[in-house]
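One structure is given here, and the rest of the page talks about it.
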Protein chains: 2
Amino acid sequence: MVATLNLINGRWKGVILYYLLTHGTMRFNELHRQLPGCTPRLLVKQLRELEDDAFISRTVYPVVPPKVEYALTEEGRTIGPILSQLNEWGTGWLERRGLRPRAEETA
Amino acid sequence: MVATLNLINGRWKGVILYYLLTHGTMRFNELHRQLPGCTPRLLVKQLRELEDDAFISRTVYPVVPPKVEYALTEEGRTIGPILSQLNEWGTGWLERRGLRPRAEETA
DNA sequence: CAGTATCCTGGGAGATACTG
DNA sequence: CAGTATCTCCCAGGATACTG
């Protein structure tokens, strides 16, 4: 279980996966814009880790200006239903507690 | 989504919830024994956070030696199905990759 | 656009010892 | 048994500037 949890550890991994799940393919800055408070440096790192774990694919187009697209792999898609449920559960929980997520937590 | 993920952030929260889910009520050291690599100090902290979020209850029995029991609340139980699925998914993932979780990750 | 390169800081977490 | 109390260290992550 610890091993499993470590897979999605890191403040942004879950969100990144969730965005790719709901928005489909996304480019670096597109993703970056959705994650206020996440620096490029950190975003790169989390993306690389997700790539290493085969959850996402990274496609580089040899054009100028550079274009790189990130997408879920088949493997990455397998966690989709769980993330959806988790998101629903969390939203419900916040509501039951009468809380509103802080600005930097709405991503 | 970030807000939701923060709820189960911290290396041990998910595991603690999972243990209480599958083992029922547990005492402090009982829990501690199941989590190699987690210091008492850290365990206390995570338990307090889970308590603050109303996921678990803490019952103190006024006896000598002290006896404290931790259990899931109704609220805590609502995340049960998700954790089970997550665990299954993670286990499957590790197998597909031909990996064995490291000793300190088997909890 | 999609990152690197540096520098730097806070607090997450370990180790050890102690106590009501 | 169920935690505190300290002290310490490390590195995840922030800020800023730069580049193919």
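None of the values given here were measured: they were computed from a predicted structure. What you see below is based on every heavy atom in this structure, not just the backbone, and it leaves out hydrogens, waters and symmetry mates. Order of the sequence lines fixes the chain letters, A, B, ..., with proteins taken first and strands second; residue numbering starts at 1 for each chain.
- To the nearest angstrom, P of D/dA2 lies 15 Å from CD of B/Glu51.
- Shown here, C/dG20 forms a base pair with D/dC1; the pair counts as Watson-Crick or G-U wobble because both key distances fall under 3.5 Å.
- In this view, B/Tyr19 and B/His23 satisfy the ring pair (Phe, Tyr, Trp, His ring centres under 6.0 Å) rule, not counting sequence neighbours.
- Closest approach of B/Asn87 to A/Met1, counting heavy atoms only: OD1-SD, 3.5 Å.
- Residue A/Tyr70 has no polar side-chain atom (N or O) positioned under 4.0 Å from OP1 or OP2 of C/dC1.
- Residue-environment remark: CD (A/Glu30) exceeds the threshold of 12 foreign heavy atoms within 6.0 Å.
- Classification of B/Arg58 and B/Glu69 as a salt-bridged pair fails, no side-chain N sitting under 4.0 Å from a carboxylate O.
- Contacts with DNA chain C (heavy atom under 4.0 Å) in residues 15-35 of chain A: A/Arg27, A/Phe28, A/Asn29, listed by number.
- B/Thr4 and A/Trp89 share no donor-acceptor pair across their side chains, judged by distance under 3.5 Å alone.
- No close placement of the A/Trp12 and A/Tyr18 rings is indicated, their centers lying 6.0 Å or farther apart.
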Exercise. Along nucleotides 11-20 of chain D, 5' to 3', which nucleotides get a B, which get an S, and which get a -, given that the test is a protein heavy-atom distance under 4.0 Å?
Worked result: --SBB----B
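- Note: CG (A/Asn9) to P (C/dG12) measures 14 Å, nearest angstrom.
- Checking the phosphate oxygens (OP1, OP2) of C/dG3, a side-chain nitrogen or oxygen of A/Arg58 falls inside 4.0 Å.
- If you measure from atom CG of B/Leu43 to atom C1' of D/dA2, you get 10 Å, rounded to the nearest angstrom.
- In this entry the distance linking CD of B/Glu49 with C1' of C/dA13 reads 13 Å, nearest Å.
- Judged by distance alone, with hydrogens and angles left aside, the side-chain atoms of A/Thr73 form a donor-acceptor pair with the main-chain N or O of A/Ala54 at under 3.5 Å.
- Contact record, A/Leu72 with A/Arg77: O-NH2, 3.6 Å, taken as the closest heavy-atom pair.
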